[in-house]
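Quick notes on the structure that follows.
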Protein chains: 2
Amino acid sequence: MANNLAELNLPFADADYVALAHFRRSLRLFLSFSEDAARTSGLTPKQHQAILAIRGLSDETGLSVGDLARHLTIQPHSAVELLNRLEDSGLINRAIGAADRRCVMVTLTARAERLLQKLSHMHVVELRRQAPELVGALRQLLEKGEPR
Amino acid sequence: MANNLAELNLPFADADYVALAHFRRSLRLFLSFSEDAARTSGLTPKQHQAILAIRGLSDETGLSVGDLARHLTIQPHSAVELLNRLEDSGLINRAIGAADRRCVMVTLTARAERLLQKLSHMHVVELRRQAPELVGALRQLLEKGEPR
DNA sequence: GATATTATATCGCAGTACGATATAATATGA
DNA sequence: TCATATTATATCGTACTGCGATATAATATC
């Protein structure tokens, strides 16, 4: 009854682990670049991702804490803690929701907007550079054992 | 003299932030899957990445602490701490290097090998599912403002 | 054989995210 | 209407991560 997935394609060969490690390294190199870029701007990596999400997903009233949590795939109370640190650093503002007063709507400060603009440009430039390697590593990994 | 990159393509339009946020969400969804899979196997996400690297990069003597750190793009002393927790959990063994006794060579225990095999299979299956979305989001982001 | 370099390790710290729990606002049902 | 359930945000304690600063041991260099 239990579908033992482990026996369909296994065991992995050495080359499969190499391909998987290589793909994860490509991902890691992009994420490392991103983390360094954020830190150089005085942000932690997660603060950068939160600011990007707020900028990309807000409507005119801002973004709710819960919507941010869902976008970042973290628990609501983890988003609260991230926002506490962002507020302490003067990067976001909170406001009680006009329609539903349970909701807290978050908006970016001008300083956050400036930092995000610079970081976003750097990321697009770097992604243009790294994308071929990343997509290549992914193809390499998936082309073996393609389902018929 | 300083090449002011910030003024070549800026300011970003709303749509550019949306595209960047969408690409990061695709990445995040894969990483979330990976983190959950690791935790369900009783590993932390970084422990899983370390084990994959050891499996993928070792020669017959194992992998040195420094090589692991370089692969994961973390500092050597951060790799040491990660390996301490892995050793405490019975997932790796350390041995003094035969050629250079400064080096500590790391190998996987049988239990780590079993966990990695299961996780690796799950990851290939999931990547096959998520790859189109991920590559699509990346193309969407990069196709605007392509350098002539 | 003194000194520099390389490799690993330890300590204190901050950020992250979790589980458990709490509080406030809104929705639902008798 | 009013008790109860649900939703949204927040707080507390804990573990993992990775950094800077620093230490120790082994090897290389002069």
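Numbered from 1 within each chain, the chains take letters A, B, ... in sequence-line order.
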*asked:* Of the options D:dA10, C:dT8, D:dC19, whose atoms approach the side-chain atoms of B:Pro76 most closely?
replied: C:dT8

*Show your reasoning for whether side-chain contact (heavy atoms from CB on, under 4.5 Å) applies to B:Leu27 and A:Leu27.*
CA-CA 9 Å; B:Leu27 262 191; A:Leu27 262 191; 3.3 Å; yes

*asked:* I want to check something: taking the side chain as every heavy atom from C-beta on, are A:Lys46 and A:Glu35 in contact at a cut-off of under 4.5 Å?
replied: no

_Taking donor-acceptor contacts at under 3.5 Å, does the side chain of B:Arg102 reach the base of C:dT6?_
yes

*Any side-chain N or O of B:Arg85 less than 4.0 Å from the OP1 or OP2 oxygen of D:dA15?*
no

*Sort out for me which residue in A:Leu52, A:Leu91, A:Leu43 forms a side chain to side chain contact (heavy atoms under 4.5 Å, CB included) with A:Leu116.*
A:Leu52

_Quiz question: going by heavy-atom distance under 3.5 Å, is there a donor-acceptor pair between the base of D:dC19 and the side chain of A:Glu35?_
no

*asked:* On DNA chain C, does the nearest nucleotide to B:Leu83 precede the nearest nucleotide to A:Leu82 from the 5' side, or the other way round? Give the residue.
replied: B:Leu83

_If you compare every side-chain N and O of B:Asn84 against the phosphate oxygens of C:dT10 (OP1, OP2), does one of them come in below 4.0 Å?_
yes

*Nucleotide C:dA9, atom P - distance to CG of B:Asp88 in whole Å*: 12 Å

*asked:* Tell me the interatomic distance from A:Lys46, atom NZ, to D:dC16, atom P, rounded to whole angstroms.
replied: 17 Å

*Do NZ/NE/NH1/NH2 and the carboxylate oxygens of B:Asp67 and B:Arg70 come within less than 4.0 Å?*
yes

*asked:* Could you tell me how far apart A:Arg101 (CZ) and D:dT7 (C1') are, to the nearest whole angstrom?
replied: 15 Å

*May I have the distance from A:Arg28 (atom CZ) to D:dT17 (atom C1'), rounded to whole angstrom?*
11 Å

*B:Leu68 CG to C:dT6 P: how many Å, rounded?*
20 Å

*Pick the nucleotide of DNA chain D nearest each of A:Met105 and A:Arg39; which residue has the one closer to the 5' end?*
A:Met105

*Which nucleotide sits closest to the side chain of A:His77: D:dT11, D:dA21, D:dT7?*
D:dT11

_Rounding to an integer number of Å, can you tell me how far A:Glu81 CD sits from C:dA20 C1'?_
13 Å

*asked:* Using whole Å, what does the distance between atom C1' of nucleotide C:dT8 and atom CD1 of B:Ile96 come to?
replied: 9 Å

_Pairwise distance CD1(A:Ile54) to CG(A:Leu83) - rounded to 0.5 angstrom_ = 6.0 Å

*If you find the nucleotide of DNA chain C closest to B:Asp100 and the one closest to A:Thr44, which residue's nucleotide is nearer the 5' end?*
B:Asp100

*Once you round it to whole Å, what is the distance between P of D:dA8 and CD of A:Gln75?*
13 Å

